[in-house]
Amino acid sequence: MRHRVRRLAVAAVALLTASAALPAAAAERPSREEHPAHGGLSAVIRYTEYGIPHIRAKSYADLGFGTGWAQAADQLCVLADGFVTVRGERSRYFGPTASTDGSLSSARDNLSSDLYFRGVREAGTVRKLLAEPAPLGPSRQVKDLMRGYAAGYDTWLRQHRTTDPACKGAAWVRPVTTLDVAARFYALAVIGGQGGAVDDITGAQPPTAPARGARTRTAPDAQALIRAMRKRAADADMGSNAVAFAGGSTANGRGLLLGNPHYPWQGGRRFWQVQQTIPGELDVAGASLLGSPTVSIGYNSHVAWSHTVSTGVPFNLTQLTLDPADPTVYLVDGKPERMTRRTVTVPFKDGPPVTRTQWWTRYGPVVASADGDLPLPWTATTAFALNDPNAANMRFADTSLGFGTARNTADVLASLTRHQGLPWVNTVAADSSGHSLFTQSQVLPRITDDLAARCSADLGRATYPAAGLAVLDGSRGACALGRDADAVQPGTFGPARMPTLKDAPYAENSNDSAWLANADRPLTGYERIFGTVGTARSPRTRGAIDAVAAMAGRGGLTVRDLQTQQFANRVTVGELAAGDAARACAALAGGVARNKDGTEVDVSGACPVLASWDRTADTGSRGALLFDRFWRRIGALVPDAQRWKVPFSAADPVHTPNTLNTGAPGFATALADAVTELRAAGIPLDSPLGEHQFLVRKGQRMPVPGGTEALGVWNKIEPVWDPAHGGYTDVAFGSSHIQAVGWDGSGCPVARTLLTYSQSSNPNSPHSSDQTRLFSHERWVTPRFCEKDILSSPALRVVPVRER
């Protein structure tokens, strides 16, 4: 029987292969086996190793159908949870006070999330964006993809029962619509703006007359707002590294790309691997964000791209001058404008519905919250509105689709210029002709330095230079954002203003500003809202530039060199500080330091461990865990300005600051605290990292390589500390869909990929931890792109799917 199934599968694939060999027009006339004649949407999904689907379809609607079907098969519960979110139904199914997973907004609880997303839906925001003609709105192809995705998801639901215990038999797993799919795109677009201030939007209420003796809310605190902005950046659960090498740096004169995005390991911002093919039209592989019918990060026969979260601030604030007689009326050029009152009712689980009011202005929603993301008051005279241009951006998918059909980096840039749809990321790309590209082409409010100088409110005069957050005076009509002639969307920057670097020997970004995409060709001249120039770089950026500049200088690079860089696990801060720490440790009188409680601690055993540590975060590294726990305490006890003896210099940004200031108050305490902590947990100071940084999947313990942001490790991992159970016992976010891509002239990309958390969230799936095991051992997947490689897969499984 097994041999008969295999023969049938091979026969079906042979028909597909014959179709692929035809001219484009003929290839789009599919066989009965590929697209049955029963009507409706259909596709053929060919699964290869690690459950990676290769979806073949005759149209964009059919491609969306196959993608929705295959994503539902792997990620039904996570997807369904996200659709509950964007419909504003979390309180109905999970209760109002439960926490969200933070995948689609910053809401602290389900009620806040529902108030925001139901408000968006009832205002018709997404529906109106879908109705906009391209390029301001989505193209017909993207609309077809979204329509097909919804149909594919629904078809899988009708045809299957889920085995995932996270949602098995759950009433909240329901069919979806095109509007639901588009609303999920919208949530991702605004997550850096409105979505990151949900509690401030839903909690903003006008002041009432204070009772006698009651305290009133004071004026906004600029330093508190700056701290809040920096905390948002520090706490972000998304980041990335990416580097493109031009042909002059490679062995064969063709480009190379290494992408290493750092995204959550759980929830709705996971990646999912796929190849999408419409013969004669599209052939692209890579990773999609869950709920998306397009490839977000990927490659084709000619070009590869990745994204890194940018330093651009994708929103601005407007200070409103209020009518003294009514705090819901604001003045523009002396004329009153009444705020729009948006009343939202949220149904509850086991209780009556709750109704709340939100307040909106010409500048966006009013934001105010004593304990929210943006510490801003709403007083009798002043309020603040949040302008998020991505709230009018439904162009993300078209931009990605343009990448998928690109033949070179110029086409990648052309897609960015045409659609202008990336909300909060940079793009790094390379192509088979040897070109490299970095560009910070993203949707940002059109805040020029000149506008900020002319129109900043007092608050903004502090926040704009310090944090890139503009706070404009909303009482003056002359302070409107205006429009660049080449901008698709009013109030945003046009492509000509985007920091862009073409054809440098290397182009690299690790979530710092565009300034040092190449240290020998620094980018300058952009507006402050894009990021800083001449400021200290993160340890991860410093280590990355040092490594990739040396690689480019050495030349002769291949995909194997990219793989080596990914898992070098070099700890940049360890190279800078471990030797100093070891020497200072050895010099402590009697080998003793006092911990935070004032207790004397024998730290002498830590000195040789730090000295002999190999300065990597490999699973076998002895001393990596000790240094990690020590450095976390240094960060809490020793201010940045006191941490290094040699300060930052813009003339040498990759190598400064340096030389650990071991005389700073807090150094010895940090060392004593780290030693005390590990001993209390029963962890020897010289334990190999992998014994105490691990995951357990299907009963199997898997060591995890890599290190945290503060250590400056390219292979970034943000693990969960649980010393009672052995140390770092899970991963919150970090390296996710990794791809190393080049070309050899054969027409088939030379690619190695790895989805660190594997393809499925369902613990019962055979593909819930198979790639995680590879990641543990620093091994890669050789993906199958060309037909001959797909057909030769020993794991080949062909699944024709259709709407019925």
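Note: hydrogens, waters and symmetry copies are ignored here, and every other heavy atom, side chains too, is used.
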Legend entry - Verdict with reasoning, Phe785 to Val750, per side chain to side chain contact (heavy atoms under 4.5 Å, CB included): CA-CA 9 Å; Phe785 186 89; Val750 180; over 6 Å; no

Distance, nearest 0.5 Å, that separates [atom1] of [X] from [atom2] of [Y]:
X: His307; Y: Ser296; atom1: NE2; atom2: OG; result: 7.0 Å
X: Leu437; Y: Thr427; atom1: CG; atom2: OG1; result: 7.5 Å
X: Leu290; Y: Gln75; atom1: CG; atom2: CD; result: 5.0 Å
X: His262; Y: Glu709; atom1: NE2; atom2: CD; result: 8.0 Å
X: Thr772; Y: Gln759; atom1: OG1; atom2: CD; result: 11.0 Å
X: Arg540; Y: Trp714; atom1: CZ; atom2: CH2; result: 9.0 Å

Any side-chain heavy atom of [X] sitting closer than 4.5 Å to one from [Y]?
X: Ile717; Y: Thr708; result: no
X: Val428; Y: Leu257; result: yes
X: Arg56; Y: His54; result: no
X: Pro261; Y: Ile297; result: yes
X: Asp411; Y: Thr405; result: no
X: Asp561; Y: Val559; result: no
X: Thr524; Y: Trp515; result: yes
X: Ile52; Y: Val274; result: no

Legend entry - Crowding at CZ, Arg521 (>12 non-hydrogen neighbours, <6.0 Å): yes

Can you tell me if [X] and [Y] form a side-chain donor-acceptor pair at under 3.5 Å?
X: Thr616; Y: Asn569; value: no
X: Gln440; Y: Tyr526; value: no
X: Asp652; Y: Ser649; value: no
X: Gln273; Y: Tyr50; value: no
X: Ser793; Y: Glu49; value: yes
X: Asn260; Y: Ser735; value: yes
X: Gln739; Y: Thr753; value: no
X: Thr308; Y: Asn511; value: no
X: Gln275; Y: Asp283; value: yes
X: Asp450; Y: Thr448; value: no
X: Ser510; Y: Glu508; value: yes
X: Gln442; Y: Gln420; value: no
X: His302; Y: Arg407; value: yes

For [X] and [Y], which heavy atoms make the closest approach, and how far apart are they?
X: Ala795; Y: Thr48; result: CB-C, 4.1 Å
X: Ala452; Y: Ile447; result: CB-CG2, 4.3 Å
X: Ile45; Y: Gly66; result: CD1-O, 3.7 Å
X: Ala519; Y: Ile545; result: CB-CG2, 4.0 Å
X: His737; Y: Ala287; result: CG-CB, 3.4 Å
X: Pro783; Y: Val781; result: CD-O, 3.1 Å

With the threshold set at 4.0 Å, does a side-chain nitrogen-carboxylate oxygen contact exist between [X] and [Y]?
X: Arg46; Y: Glu787; result: yes
X: Asp546; Y: Arg542; result: no
X: Glu527; Y: Arg446; result: no

Inset, instruction - Show the numbers, then the answer: is there a side chain to side chain contact (heavy atoms under 4.5 Å, CB included) between Ile55 and Thr277? - result: CA-CA 6 Å; Ile55 302 171; Thr277 305; over 6 Å; no

Side chain of [X], backbone of [Y]: donor and acceptor closer than 3.5 Å?
X: Arg270; Y: Ser758; result: yes
X: Thr532; Y: Thr535; result: no
X: Arg395; Y: His419; result: yes
X: Lys58; Y: Ile278; result: no
X: Asn509; Y: Ala514; result: no
X: Ser415; Y: Val412; result: no
X: Gln771; Y: Leu755; result: yes
X: Asp484; Y: Asp486; result: no
X: Ser288; Y: Thr294; result: yes
X: Ser433; Y: His435; result: no

Legend entry - Working for ring-ring contact (aromatic ring centres under 6.0 Å, His included), residues Trp305 and Phe403: CA-CA 8 Å; Trp305 77 95; Phe403 293 172; 5.4 Å; yes

Inset, instruction - Check the angle between the aromatic planes of Phe396 and Trp424 and answer parallel, tilted or perpendicular using the 30° and 60° thresholds. - result: perpendicular

Legend entry - Stepwise side chain to side chain contact (heavy atoms under 4.5 Å, CB included) check, Met394 with Val142: CA-CA 10 Å; Met394 192 59 72; Val142 164; over 6 Å; no

Inset, instruction - Quick one: do Phe271 and Tyr757 satisfy ring-ring contact (aromatic ring centres under 6.0 Å, His included)? Show the steps, please. - result: CA-CA 9 Å; Phe271 285 110; Tyr757 38 66; 7.6 Å; no

Legend entry - Identified side-chain contact (heavy atoms from CB on, under 4.5 Å) counterpart of Thr439 within the set Thr409, Thr417, Leu413: Leu413

Legend entry - Steps toward side chain to side chain contact (heavy atoms under 4.5 Å, CB included) verdict (Val443, Phe493): CA-CA 7 Å; Val443 178; Phe493 287 109; over 6 Å; no

Inset, instruction - Give the intermediate values and the outcome of salt bridge (Lys or Arg N to Asp or Glu O under 4.0 Å) for residues Asp744 and Arg254. - result: CA-CA 8 Å; Asp744 61 7; Arg254 303 177 185 276; over 6 Å; no

